[in-house]
A.B. asks: 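Take this structure, written in structure tokens, and hold onto it; I'll ask about it next.
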Amino acid sequence: MALQIFNVLGREKQVFTPLEPGRVNMYVCGPTVYDHAHIGHAKTYIAFDVIVRYLRHSGYNVLYVQNLTDVGHLLDTGEDRVLRRAEQLQALPMQIVETYTRSYFEDMDALGVLRPDISPRASGHIPEQIKMIQELIDKGYAYEVNGSVYFDVTKAPDYGKLSNRRIETQEAGTREAVRGEKRNPLDFALWKRAEPEHILRWDSPWGEGFPGWHIECSAMARKYLGKTFDIHGGGIDNIFPHNECEIAQSECANDAPFARYWVLVGSLTVDGVKMSKSLGNFITIKDALKKYRPEVIRTFMLSVHYSSPVDYSEDAMQAAARGWERLYNAYRLVSQRLDSAPEGTAGEAFVEQVNRARTAFTEAMDDDFRTPAALAVLQEFTREVNSFLNSTVDIGADVLRQIEAVYRELGGGILGIIPKDAVAADSSAEREAALIELLIDLRRQARANKNYAESDRIRDELAKVGVILEDRPEGTVWRTI
RNA sequence: GGCGACGUGGCCAAGUGGUAAGGCAAGGCUCUGCAAAAGCCUGAUCACCGGUUCGAGUCCGGUCGUCGCCUCCA
């Protein structure tokens, strides 16, 4: 079955056919770097991470561009987010941008989110934005007033086609009312005149100013991906006005379709309500990582379809953690078994189950990246694997390697929920492993002598420092929590 | 008021016409010196009402409820 994607533009599931065979050009709206990233960002970017990983796994050559907004994204008070933060922290705007850009990548790296191929910054593409704005003015889609430039939404016939909004029915927002320069309330700023106190400013044909929020995406997408490209992603909360404005600007400036497939991710709530600083339920990725392993956070985010909203709660996270542990335990057992397994094809009948799992996984992912179904496939496969390992049949290294590959390639390579190595390989970890093995051997002797007080003491003491022992038919295995 | 989602077993969550995946929790059992891990067994007619259909969580209409967006947000 071919890959199908639900295209928000048109609201239907479509077979995915890239513009150029074998190649996917993809743009995803990135964060505004004025504060630490929160778990909502984690949901969005984990979703696209898995999409990119799966596209690559499917053989596509993907060029993944995700911008960093560092200028022009205003608050409803009209203040620039970055500038306000700079004032609060007594720092230069670009220090703020640099600080939170690093923080963002730090968080994404920790979550195992692969970096985009290009992470262009808005402030680094002012000339490109000015050029596009000028094109829009020249073509009659935009007009200049007092050093600011606005896009005239009445000139864009399709304005509203992504979010199904009609211009006539929209009420004017509060911010529009503040500034009465617009011809229509819904017109949006392409360029804004900088007031004297506004530090982030650039020269332009219309005087000193700064770009509007939406134009950066249009300009940078065009620069790196071309006028028309395959996939545009982002959070559903930006469908209006941001995404809608992008389409209008780009299609009017380029006389060409903008993104062909729109993939938007559902929002995240915390305990049923929207996350906000005033409610005190604002959870940063760094907070979450203190409590949960990155693989668990990913498992949680992927347990719901990307387009659906998800509610973050301690209970749900606990459930995800337990579910993840079951997968990981099985993977670890397979790896450990492999260390001592005889070479050969013994137990090869199980390969059928391996192949079935691979096929089912692919079918799930081909159907609009249904990660919940893909996770269910791994869970069912894990039940089969556990039964297989617990059975009395001889198992050769060949089969074990195939099972391990399912976890590594599908669980690790695509979903990113299986760590690369079952056990860390640095020298202190090796030393720790050797010491644990020594204790396990002492305990083995105690058990042989039916000295259970001693054997239990060893197990309990190890448990206190986070090392869990499990007695299996083939010997005692250990894991850390 | 407009746009858009959603309401499935105790909880989370799949499922877009043919008689309900998966995970967590719970109970019972098996294995174990005891554990741990694992396996097996046990449970829902899908908010409500009406309609289309041989047949509907699954399509249509309505009711109730929840949420998101329309103003900053991934």
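Below, read A as the first sequence line, B as the second, and so on, with proteins coming before strands; counting in each chain starts at 1.
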A.B. asks: I need the CG-P distance between A:N449 and B:rG33, as an integer number of Å.
C.D. replies: 15 Å

A.B. asks: A:L302 has an atom CG; how far is it from atom C1' of B:rA14, in whole Å?
C.D. replies: 14 Å

A.B. asks: Within the structure, does a side-chain N or O atom of A:N329 lie under 4.0 Å from either OP1 or OP2 of B:rA37?
C.D. replies: no

A.B. asks: Does anything in residues 307-327 of chain A pair up under ring-ring contact (aromatic ring centres under 6.0 Å, His included), and if so which pairs, sequence neighbours excluded?
C.D. replies: A:F300-A:Y312, A:W324-A:Y328

A.B. asks: Base, sugar-phosphate, or nothing for A:D456, non-hydrogen atoms under 4.0 angstrom?
C.D. replies: base

A.B. asks: What residues form a ring-ring contact (aromatic ring centres under 6.0 Å, His included) with A:Y452, not counting sequence neighbours?
C.D. replies: none

A.B. asks: Does A:D471 contact B:rC34 through a side-chain donor or acceptor facing the base, at a distance under 3.5 Å?
C.D. replies: yes

A.B. asks: Base, sugar-phosphate, or nothing for A:I236, non-hydrogen atoms under 4.0 angstrom?
C.D. replies: nothing

A.B. asks: Using side-chain contact (heavy atoms from CB on, under 4.5 Å) as the criterion, list what pairs up with A:A346, not counting sequence neighbours.
C.D. replies: A:D394

A.B. asks: Say you pick atom P in B:rG50 and the same atom in B:rA56; how far apart are they, in whole Å?
C.D. replies: 14 Å

A.B. asks: Any base atoms under 4.0 Å from A:L469, or only sugar-phosphate, or nothing? Heavy atoms, all strands.
C.D. replies: base

A.B. asks: Name the closest nucleotide to the A:R479 side chain, picking from B:rA37, B:rG39, B:rG68.
C.D. replies: B:rA37

A.B. asks: When all nucleic acid strands are considered with a 4.0 Å heavy-atom cut-off, which category describes A:R443: base, sugar-phosphate, or nothing?
C.D. replies: base

A.B. asks: Quantified in whole Å, what is the C1' atom distance between nucleotide B:rC60 and nucleotide B:rA20?
C.D. replies: 23 Å

A.B. asks: According to side-chain hydrogen bond (donor to acceptor under 3.5 Å, both in side chains), who are the partners of A:E314, at least two apart in sequence or on a separate chain?
C.D. replies: A:K291, A:Y292

A.B. asks: Taking only the side-chain heavy atoms of A:R459 (C-beta and beyond), determine which of B:rG2, B:rC34, B:rA74 contains the nearest atom.
C.D. replies: B:rC34

A.B. asks: Under a 3.5 Å cut-off for both contacts, is B:rA26 paired Watson-Crick or G-U wobble with anything, and if yes, with which nucleotide?
C.D. replies: B:rU42

A.B. asks: Please tell me which of A:L327 and A:K13 maps to the more 5' nucleotide of RNA chain B, matching each residue to the nucleotide holding its nearest heavy atom.
C.D. replies: A:K13

A.B. asks: I'd like a list of close polar pairs between nucleotides 20-28 of chain B and the protein, N/O only, cut-off under 3.5 Å.
C.D. replies:
| from | atom 1 | to | atom 2 | distance (Å) |
| --- | --- | --- | --- | --- |
| B:rA25 | OP1 | A:R322 | NH1 | 2.3 |

A.B. asks: In whole angstrom, what separates A:E12's CD from B:rU16's C1'?
C.D. replies: 14 Å

A.B. asks: Quick one: which of B:rC3, B:rA13, B:rA74 gets closest to the side chain of A:V304?
C.D. replies: B:rA13

A.B. asks: In whole angstrom, give me the gap between the P atoms of B:rU45 and B:rG57.
C.D. replies: 12 Å

A.B. asks: In whole Å, I'd like the distance from the CZ atom of A:R472 to the P atom of B:rG39.
C.D. replies: 10 Å

A.B. asks: Taking only N and O in the side chain of A:N164, is any of them less than 4.0 Å away from OP1 or OP2 of B:rG4?
C.D. replies: yes

A.B. asks: According to the interplanar angle, ranging from 0 to 90°, do the rings of A:W262 and A:H232 count as parallel (below 30°), tilted (30 to 60°) or perpendicular (above 60°)?
C.D. replies: parallel

A.B. asks: Return the minimal non-hydrogen interatomic distance between A:T382 and A:A330, and the atom names on each side.
C.D. replies: CG2-CB, 3.6 Å

A.B. asks: Expressed in whole Å, how much space separates the P atoms belonging to B:rG28 and B:rA36?
C.D. replies: 14 Å

A.B. asks: Just one of A:R443, A:E437, A:Q445 clears the side chain to side chain contact (heavy atoms under 4.5 Å, CB included) bar with A:D441, so which one?
C.D. replies: A:Q445

A.B. asks: Starting from P on B:rA35, measure out to CZ on A:R447 and report it in whole angstrom.
C.D. replies: 13 Å

A.B. asks: For atom P, what is the distance between B:rA14 and B:rU8, given to the nearest Å?
C.D. replies: 11 Å

A.B. asks: Answer yes or no: is there a donor N or O on one side and an acceptor on the other, between the side chain of A:E384 and the main chain of A:Q353, under 3.5 Å?
C.D. replies: no

A.B. asks: A:F6: what forms a ring-ring contact (aromatic ring centres under 6.0 Å, His included) with it, not counting sequence neighbours?
C.D. replies: none

A.B. asks: Got a sec, which residues hit side-chain contact (heavy atoms from CB on, under 4.5 Å) with A:I118, two or more places apart in sequence or on another chain?
C.D. replies: A:L63, A:V65, A:P120, A:Y224

A.B. asks: Please confirm whether the shortest side-chain N or O distance from A:T32 to OP1 or OP2 of B:rA74 is below 4.0 Å.
C.D. replies: yes

A.B. asks: If the C1' atom of B:rC54 is compared with that of B:rC59, how far apart are they to the nearest Å?
C.D. replies: 16 Å

A.B. asks: In chain order, what residues pass the salt bridge (Lys or Arg N to Asp or Glu O under 4.0 Å) check against A:D456, with sequence neighbours excluded?
C.D. replies: A:R459

A.B. asks: Expressed as a whole number of angstroms, how long is the span from A:M275:CE to B:rG68:P?
C.D. replies: 12 Å

A.B. asks: Mind checking the P distance from B:rG61 to B:rC3? Whole angstroms is fine.
C.D. replies: 14 Å

A.B. asks: Grab the NE2-P distance between A:H305 and B:rA5 for me, whole Å please.
C.D. replies: 13 Å

A.B. asks: For a quick check of understanding: with a heavy-atom distance under 4.0 Å over all strands, which category does A:G30 fall into, base, sugar-phosphate or nothing?
C.D. replies: sugar-phosphate

A.B. asks: Side chain of A:N390 only, please: which of B:rA74, B:rA38, B:rA14 is the nearest?
C.D. replies: B:rA38

A.B. asks: Respond yes when some side-chain nitrogen or oxygen of A:R370 is under 4.0 Å from OP1 or OP2 of B:rG15, and no when none is.
C.D. replies: yes

A.B. asks: Which parts of residues 37-46 of chain A get close to RNA chain B, meaning a heavy atom less than 4.0 angstrom away?
C.D. replies: A:H38, A:G40, A:H41, A:T44, A:Y45

A.B. asks: Can you check the distance between B:rU42 and B:rU32, where both ends of the measurement are the P atom (answer in whole Å)?
C.D. replies: 24 Å

A.B. asks: May I ask which nucleotide in the shown strands pairs with B:rG1, Watson-Crick or G-U wobble, both distances under 3.5 Å?
C.D. replies: B:rC70

